[in-house]
Visitor: 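Let me begin by handing over the structure; questions about it come next.
To find a chain, count down the sequence lines: A is the first, B the second, and so on, and within it residues start at 1. These numbers were taken from a predicted model, which means no experiment stands behind them.
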Amino acid sequence: MKKIFSSISILSFWLINSQTNVHYRIIPIEDNTSKVNQMIKEISPNYEALCENIDFILSVTDKESFFIADKKTIPDDSGVNMILGASGYTGLIIQKKDSIFRQSNFDQFGKKYIVTDTIQSNWKLLNESKEIMGYKCFKAEIQNTISNPNGAFKNIIYAWYCPLFPYDFGPIGYGKLPGLIFELQTKKVLYGITKIETNKEITTFPSFDKNSEKISKKDLNQLIQKLHQQRVDMMKEQNKK
Amino acid sequence: MKKLMFTAIALVAFSGVSMANMKGIKPSNTKKVAKKVVIRAKTDCCLIYDLAYQLNFSETCDIEWSEMCANYAYNNCEKSNQ
């Protein structure tokens, strides 16, 4: 027992003094009742297979992490890009202890935005466990509230975390669990771990797009709604002519 | 009025010259070419854009993603209209 405890302590010490790169892939969740999924399938019938090759990297140190998809692995396909947005990925995500900075792909005439948010921490730890890549992982769930003009909706997000890796980070800005997130399931996709590279040299973090302005999620949503309405009105006017 | 008259005369004169030029040319190709006319209905991409935006809300998607999804639907529609 002592040996196990000391080896966990040594592993933990070794991990927090280096950078760990965790690779993930996404699997779209099949939902035949979803009209949005039907629309995506109509545009790109093969989007599920195309998504499989996208390589996401979560690079973590004990203080912060960044999450990014390898651009070379993203196919130039509308359906894939739609599902990427649905997966909660819009570009580089930098996660500090309590806050998230996310590159939005919303573009206002060349002006880009970095969305600032706080990390949700009200996880409910469950008793279920399973092995992922040979490591014992535990299940947790959290309620995610999404607000849109139709109202506020609650979705449950599930995570499988591994306490052997003492990082409180995970994909798409989720974290604050007593271990690295190995698997994350949202309403539309599942992020699954494919590879862990430990003891990497600490490298510089990638940076956000130039000319990006920091904005809160609430303010960005208001801006998008306003511009959407303006665009629809403009298109209707053009159609009349 | 004078200007209009001048333009009309110029147009008539020009067409006269063109006709005169054509008189001396014999048709070189006598083969009949069958032309196929394909009629394609153009989709209203504006409607697609707005529908995609609203559709996402009905499935509890957030505003940022709905706008992004609507943009892709619009671009795809424009491409298929070309």
Side-chain angles (χ1 to χ4, degrees), chain A residues 31 33-40 42-44 77-90 102 104-107 113 115 144-155 187-188 215 217-218 220-229 231-240, chain B residues 1-19 22 33-82:
Chain A
D31 180 5
T33 59
S34 163
K35 288 204 167 59
V36 172
N37 283 21
Q38 281 170 27
M39 177 179 72
I40 296 173
E42 194 73 37
I43 290 170
S44 170
D77 180 88
S78 300
V80 170
N81 283 302
M82 280 174 165
I83 212 74
L84 274 183
S87 75
Y89 180 78
T90 52
R102 176 174 59 82
S104 168
N105 59 5
F106 176 69
D107 189 316
Y113 293 94
V115 184
N144 183 27
T145 309
I146 289 169
S147 300
N148 69 33
N150 284 11
F153 305 92
K154 282 173 180 155
N155 291 327
K187 198 185 167 196
K188 295 275 179 201
I215 194 167
K217 198 175 166 63
K218 194 182 161 193
L220 182 70
N221 283 346
Q222 279 175 353
L223 181 69
I224 291 172
Q225 272 183 285
K226 192 177 133 196
L227 292 172
H228 174 87
Q229 200 47 54
R231 193 174 165 188
V232 169
D233 293 344
M234 202 175 75
M235 282 172 166
K236 278 178 185 166
E237 274 301 309
Q238 275 178 346
N239 277 0
K240 271 185 201 170
Chain B
M1 192 61 190
K2 265 187 184 175
K3 262 189 186 177
L4 203 74
M5 281 290 283
F6 178 75
T7 324
I9 292 163
L11 266 171
V12 171
F14 175 75
S15 60
V17 170
S18 309
M19 287 294 282
M22 281 185 68
V33 180
K35 279 186 182 175
K36 214 177 185 181
V37 179
V38 180
I39 299 166
R40 267 174 53 194
K42 277 200 170 187
T43 319
D44 184 352
C45 298
C46 169
L47 191 69
I48 296 282
Y49 170 72
D50 206 23
L51 277 176
Y53 186 72
Q54 304 298 338
L55 179 67
N56 283 291
F57 292 154
S58 66
E59 289 190 23
T60 71
C61 301
D62 75 356
I63 295 168
E64 198 181 344
W65 182 54
S66 302
E67 172 64 16
M68 177 189 155
C69 214
N71 265 325
Y72 279 114
Y74 176 81
N75 291 342
N76 195 67
C77 172
E78 285 279 292
K79 216 189 266 179
S80 59
N81 268 351
Q82 278 169 7

Visitor: At a heavy-atom distance under 4.5 Å, which candidate from A:Lys188, A:Lys187, A:Glu42 has the highest pair count against chain B?
Guide: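 Top option by heavy-atom pairs under 4.5 Å: A:Lys187.
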
Visitor: Would you say the side-chain atoms of B:Trp65 pair up with the backbone N or O of A:Met82, donor to acceptor, closer than 3.5 Å?
Guide: yes

Visitor: First locate atom CE of B:Met68, then atom CG of A:Leu84, and finally report the distance between them rounded to the nearest 0.5 Å.
Guide: 6.5 Å

Visitor: As an exercise, state the distance from CG of B:Asn71 to CZ of A:Phe106, rounded to the nearest 0.5 Å.
Guide: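 One finds 8.5 Å between CG of B:Asn71 and CZ of A:Phe106.
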
Visitor: With a 4.5 angstrom heavy-atom cut-off, is it the side chain or the backbone of A:Lys154 that approaches chain B, or both, or neither?
Guide: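 For A:Lys154, there is no contact with chain B at all, as no heavy atom is under 4.5 Å.
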
Visitor: So, A:Asn148 side chain and B:Phe57 main chain: donor-acceptor pair closer than 3.5 Å or not?
Guide: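 Present.
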
Visitor: Relative to chain A, which of B:Asp62, B:Leu47, B:Leu55 shows the most heavy atom pairs under 4.5 Å?
Guide: B:Leu55

Visitor: Which region of A:Ser147, side chain (C-beta onward) or backbone (N, CA, C, O), has a non-hydrogen atom less than 4.5 Å from a non-hydrogen atom of chain B, or is it both or neither?
Guide: backbone

Visitor: Supply the atom-to-atom distance A:Leu223 CG to B:Ile63 CD1, rounded to the nearest 0.5 angstrom.
Guide: 11.0 Å

Visitor: So which part of A:Thr90 gets closer than 4.5 Å to some heavy atom of chain B, the side chain, the backbone, both or neither?
Guide: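 A:Thr90 touches chain B through side-chain heavy atoms alone.
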
Visitor: Between A:Tyr113 and B:Glu64, is any pair of side-chain heavy atoms under 4.5 Å apart?
Guide: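 Heavy-atom side-chain distance check fails, nothing below 4.5 Å.
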
Visitor: Apply side-chain contact (heavy atoms from CB on, under 4.5 Å) to the pair B:Cys69 and A:Met39, showing each step before the final yes or no.
Guide: CA-CA 10 Å; B:Cys69 214; A:Met39 177 179 72; 3.7 Å; yes

Visitor: Under 4.5 Å from any heavy atom of chain B, what part of A:Asp107 do you find: side chain, backbone, both or neither?
Guide: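 Neither part, no heavy atoms under 4.5 Å.
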
Visitor: Does NZ or CZ of A:Arg231 fall inside the cone over B:Tyr53's six-membered ring, less than 6.0 Å from its centre and within 45° of the axis?
Guide: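 No, a cation-pi geometry is absent between A:Arg231 and B:Tyr53.
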
